[in-house]
Amino acid sequence: MNLFRDMRGRILELLQGLAADGTLPAGLETVRVAVEPPRDASHGDMAVNAAMILAKDAGMKPRDLAALLADRIRTLPGVATAEIAGPGFINLRLDRAVWLDCLSAILAEGEGFGRSDMGGRGGRGARVNVEYVSANPTGPLHIGHARGTVFGDVLASLLAAAGYDVCREYYINDAGAQVDILARSAFLRYREALGDDIGAIPEGLYPGDYLKAVGSAIAAEDGARWRDAGEAEWLPAIRSKAVAAMMDLVRADLAALGVRHDVFTSERALVDAGKVGEALAELESRGLIYTGILEPPKGKAPDDWEPRPQTLFRASQFGDDVDRPLKKSDGSWTYFASDIAYHWDKYKRGFAIQIDVWGADHGGYVKRMQAATKAITGGKAALDVKICQIVRIMDQGEPVKMSKRAGTFVTLRDLVDEVGKDVVRFIMLTRKNDAGLDFDLTAVTEQSRDNPVFYVQYAHARCHSVMRMARTAMPGLDISPESLRAANFARLTDESELGLIRAMGNWPRTVESAAEAHEPHRLAFYMYDLASEFHALWTKGKEDATLRFIIEDDPELTTARLALVRGVQTVIAAGLGIFGVHPVEELR
RNA sequence: GCGCCCGUAGCUCAGCUGGAUAGAGCACCAGAUUCCUAAUCUGGGGGUCACAGGUUCAAGUCCUGUCGGGCGCGCCA
């Protein structure tokens, strides 16, 4: 149930009617017609901008068109008033019964309230692929991965809630030089496990203790088989085992954060299957590959720059600044080349809508990837890249210096262990993805209004608390979901109560707009605002006892108010559900 | 030098893809709080939306330029 979308649909029907009887010209473009809550609540329940959007094409003044339309809107069931304001807004007030029905719908739909079918009507939604994390399989996840991981995961949930058929994907970069280094590092640990003295880990290799277990495992499995073999002989096997072990680590870290991917795609597998060659042949056949010499970047020419003919993709034909190399000087593919194959592969697997979640340091890569995706799919796939800005870990307002040597934590797991997965997940979404974020280890566990996690959780817990209280104070009262659903909502008359219902009525459109914009952080702000309204009403009951939720000598009123509380609880739980945050029933 | 992102109240940030008088929280000031959970609530002051142009009925939002901050810039991923 989405009151705003329903109303928009009915207004579009009215417009069609006006066009059909010749009052308005036919074929007016209505995509920009919006039905929204007005910025100022005193303007009413809904604001319609149709008259201003359509005035020019209709050949009318906005306010005249508004008057015409308002006359029709007033005849719609559920509309109490339709007034023209400002440059041509039509402000609607709905019958109170409409809002009360909305509460009824919330209770009936439960946490499904707010789910949408915008991803596709009548059956399965459009398929969307969200690729996130995709950290190199060379060690455990570190703090720098936290934000993109949470962002991608919640964006995926959000799109699913909006009716899309979502695939959560992880791209394993197991084909580059990094994993060879991993293999060499693991090989040392293997020899160590066999009793060799390996001394200090040489510069350039991964020194982490987490590789000791890998070395031991290989020693246990293969014995001394590789010990005296040449690198060319052992490297592929050790690499494969090490990567598998690292992915186990990564998966465990992800699980600690409550993240689970549907698909893990291996870059090496793509390469071995010849997909890169196929992709480049495809581009070649479209005349998009040539051999040329790139200009050195101005202002920052690398020391060892020398002009060299390269195999280039014509990225600049698709919006990129320059053409991009596909081959390294040793003849192997660049990372970009296999990434083209990968995105093409995603498209061929049925994903015309693709979203990649990257860290801020990859911002310069966005254009070329979009250019390549556009080129190789013939413009049929859309790639949106969400860049997550860096997170500064703070403590008591001071930045935390993170280094292994200093003993301060650097891994994602440490962060989760320190404050809990729910806190990490929520806080990572309290800022827009492309803005920086300060994560204060002390502030996020404080119990105050400054701390959005607490504030929202407290609202949810408070709902449960009220229910527990009601059971004690009025033992004979039936507060089962069925009973609350059948409550006499007409007893809800206070403006704060209705305001709360209106706020809840905004939830479905918040979900839709957040899904459309690929901006899950909007849900955090919504939840915070709803919690705020709820706390305000609760406090009102302290000053005015007649506004309390529990009125012992009036079971009917109490039931209605508990239904309201239940509604708030439901909507917050729905929001936290999309966030993958467990809604607490009690704070301690 | 070029590209991308950012610039909104003293501070941290929203602003629903162009709408009405630009909003929260913190901090500050003034109040409420023997209470369904104490960890709150009500009100107030505070703005050249970095700056300058442009587009239109309407610009924080779109375009151009300038300034300031971050990230990136062939054979790393």
Side-chain angles (χ1 to χ4, degrees), chain A residues 32 34 36-40 43 47 49 52-53 55-56 61-62 85-89 91 134-136 138 173 175-179 267 293-302 304-308 310 312 320-322 324-325 327-332 334-336 338-339 359-367 387 389-390 430-432 434-438 446-452 454-455 458 461-462 465-470 472-473 506 509-510 512-514 516-517 519 521-522 524-526 528-529 532 535-543 545 548-551 565 586-587:
Chain A
R32 290 173 56 233
E36 303 176 311
R39 185 158 293 181
D40 187 338
H43 290 145
N49 68 352
M52 294 177 295
I53 298 294
K56 183 172 275 183
K61 291 180 182 171
F89 283 101
N91 289 329
S134 298
N136 288 341
T138 55
N173 302 130
Q178 303 295 329
V179 285
E267 179 187 6
I293 298 173
L294 287 178
E295 294 287 312
K298 292 197 172 64
K300 194 231 163 196
D304 58 348
W305 179 274
E306 49 183 90
R308 172 183 295 132
Q310 288 178 295
L312 298 172
D320 200 358
D321 311 306
V322 294
R324 303 291 181 178
K327 269 189 185 176
K328 303 179 193 172
S329 54
D330 67 2
S332 64
T334 58
Y335 178 79
F336 180 48
S338 50
D339 226 356
D361 53 345
H362 288 57
Y365 201 74
V366 174
K367 276 191 187 177
I387 296 295
Q389 278 295 332
I390 55 169
T430 53
R431 290 286 178 268
K432 203 163 31 180
D434 52 14
L437 184 148
D438 286 351
E446 269 169 17
Q447 300 195 337
S448 78
R449 184 166 189 164
D450 326 350
N451 179 0
F454 160 75
Y455 194 68
Y458 183 36
R462 191 169 244 179
S465 164
V466 172
M467 295 299 172
R468 286 193 294 269
M469 236 37 222
T472 309
N506 254 321
R509 59 182 299 280
T510 303
E512 287 193 352
S513 65
E516 190 172 3
E519 291 185 354
H521 76 278
R522 294 186 193 187
F525 286 90
Y526 173 89
Y528 185 87
D529 290 342
S532 173
H535 288 309
L537 177 56
W538 192 93
T539 307
K540 257 184 140 179
K542 291 206 284 189
E543 288 155 12
R548 294 188 185 177
F549 300 120
I550 298 168
I551 307 291
V565 172
E586 198 171 3
L587 289 169

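In the text below, chain A, chain B and the rest are named by the order of the sequence lines, each starting its count at 1.
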Gap between atoms [atom1] and [atom2], on [X] and [N] respectively (whole Å):
X: Asp529(A); N: G25(B); atom1: CG; atom2: P; result: 9 Å
X: Asn451(A); N: C13(B); atom1: CG; atom2: P; result: 16 Å
X: Phe549(A); N: C36(B); atom1: CZ; atom2: P; result: 13 Å
X: Leu537(A); N: C36(B); atom1: CG; atom2: P; result: 16 Å
X: Tyr455(A); N: A14(B); atom1: OH; atom2: C1'; result: 16 Å
X: Asp40(A); N: U21(B); atom1: CG; atom2: P; result: 11 Å
X: His535(A); N: U37(B); atom1: NE2; atom2: C1'; result: 11 Å
X: Asn49(A); N: C16(B); atom1: CG; atom2: P; result: 14 Å

In the 5'-to-3' direction, what one-character label does each nucleotide of [range] receive under the scheme B = base within less than 4.0 Å of a protein heavy atom, S = sugar-phosphate only, - = no such atom?
range: nucleotides 54-64 of chain B; result: --SB--B----
range: nucleotides 27-34 of chain B; result: -----S--
range: nucleotides 71-77 of chain B; result: SSBBBSB

Among the nucleotides [options], which one has an atom lying closest to any side-chain atom of [X]?
X: Arg522(A); options: U12(B), C16(B), U40(B); value: C16(B)
X: Met469(A); options: A24(B), C36(B), G15(B); value: C36(B)
X: Arg548(A); options: U37(B), C13(B), C36(B); value: C36(B)
X: Arg449(A); options: U37(B), U12(B), A24(B); value: A24(B)
X: Lys367(A); options: C4(B), C16(B), C36(B); value: C4(B)

Worksheet item: So, do Gln389(A) and Arg431(A) sit near enough that their side-chain heavy atoms are less than 4.5 Å apart?
Response: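 Result no, sub-4.5 Å side-chain heavy-atom pair not found.
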Practice prompt. State, yes or no, whether a side-chain contact exists between Pro452(A) and Phe525(A) at a heavy-atom distance under 4.5 Å.
Written response: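 A side-chain contact under 4.5 Å is absent here.
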Assign [X] to base, sugar-phosphate, or nothing according to its heavy-atom contacts below 4.0 angstrom with the strands shown.
X: Glu446(A); value: nothing
X: Ala536(A); value: sugar-phosphate
X: Ala47(A); value: base
X: Ser448(A); value: sugar-phosphate
X: Ile387(A); value: nothing
X: Asn91(A); value: base
X: Gly436(A); value: sugar-phosphate

Using atom [atom1] of each nucleotide, how far apart are [N] and [M] to the nearest Å?
N: A58(B); M: A14(B); atom1: P; result: 29 Å
N: U55(B); M: G10(B); atom1: P; result: 32 Å
N: C5(B); M: U42(B); atom1: P; result: 38 Å
N: C4(B); M: U56(B); atom1: P; result: 25 Å
N: C6(B); M: U61(B); atom1: P; result: 13 Å
N: A24(B); M: G44(B); atom1: P; result: 10 Å
N: G69(B); M: G25(B); atom1: C1'; result: 24 Å
N: G43(B); M: G23(B); atom1: P; result: 14 Å

Fill in: Presence of Tyr458(A) side-chain N/O under 4.0 Å of A39(B) phosphate oxygens OP1/OP2
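It does, given that an N or O in the side chain of Tyr458(A) lies less than 4.0 Å from OP1 or OP2 of A39(B).
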Discussion item. Whether Lys432(A) contacts C5(B) is assessed here as follows: a side-chain N or O lying under 4.0 Å from the phosphate OP1 or OP2. Is that the case?
Written reply: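 Indeed not, no polar side-chain atom of Lys432(A) lies that close.
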Worksheet item: If you write RNA chain B from 5' to 3' in dot-bracket form, with Watson-Crick or G-U pairs under 3.5 Å, [ ] for crossing pairs and | for pairs with another strand, what do you get?
Response: (((((((..((((.....[...)))).(((((.......))))).....(((((..]....))))))))))))....
Worksheet item: When only distance counts, do a donor and an acceptor, one from the side chain of Arg509(A) and one from the base of C16(B), lie under 3.5 Å apart?
Response: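 Answer yes: a donor N or O sits under 3.5 Å from an acceptor.
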Separation of [Y] [atom2] from [X] [atom1] (nearest 0.5 Å):
X: Arg548(A); Y: Leu537(A); atom1: CZ; atom2: CG; result: 12.0 Å
X: Thr334(A); Y: Gln310(A); atom1: OG1; atom2: CD; result: 9.0 Å
X: Ser513(A); Y: Tyr526(A); atom1: OG; atom2: OH; result: 11.5 Å
X: Glu516(A); Y: Arg509(A); atom1: CD; atom2: CZ; result: 11.0 Å
X: Leu294(A); Y: Arg308(A); atom1: CG; atom2: CZ; result: 11.0 Å
X: Asn136(A); Y: Asn173(A); atom1: CG; atom2: CG; result: 5.0 Å

Worksheet item: Is there a donor in the side chain of Tyr528(A) and an acceptor in the side chain of Arg449(A), or the other way round, less than 3.5 Å apart?
Response: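 Arg449(A) and Tyr528(A) do have a side-chain donor-acceptor pair below 3.5 Å.
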Worksheet item: Just checking, is any N or O donor in the side chain of Ser338(A) or Glu267(A) under 3.5 Å from an acceptor N or O on the other one?
Response: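 Yes, side-chain donor-acceptor contact under 3.5 Å.
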Worksheet item: Which pair of non-hydrogen atoms, one from Ala85(A) and one from Asn91(A), has the smallest distance, and what is that distance?
Response: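 Taking every non-hydrogen atom into account, CB-ND2, 3.4 Å.
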Discussion item. Quick one: does any side-chain atom of Thr510(A) pair with a main-chain N or O of Asn506(A) as donor and acceptor, under 3.5 Å?
Written reply: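 Between the backbone of Asn506(A) and the side chain of Thr510(A) there is a qualifying donor-acceptor contact (under 3.5 Å).
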Worksheet entry | side chain to side chain donor-acceptor pair (under 3.5 Å) partners of Tyr365(A), counting only residues at least two apart |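 By the side chain to side chain donor-acceptor pair (under 3.5 Å) rule, Tyr365(A) matches no residue at all.
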Fill in: Qualifying residues under side chain to side chain donor-acceptor pair (under 3.5 Å), relative to His535(A), sequence neighbours excluded
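Partners of His535(A) by the side chain to side chain donor-acceptor pair (under 3.5 Å) criterion, ordered by chain and then number, come out as Arg462(A).
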Worksheet item: Starting at the 5' end of RNA chain B, which residue's closest nucleotide do you reach first, Gln447(A) or Asp434(A)?
Response: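 Closer to the 5' end of RNA chain B: Asp434(A).
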Item to complete: Assign each of Arg462(A) and Thr430(A) to its nearest nucleotide of RNA chain B by heavy atoms, then name whichever residue's nucleotide is nearer the 5' end.
Response: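 Upstream on the strand: Thr430(A).
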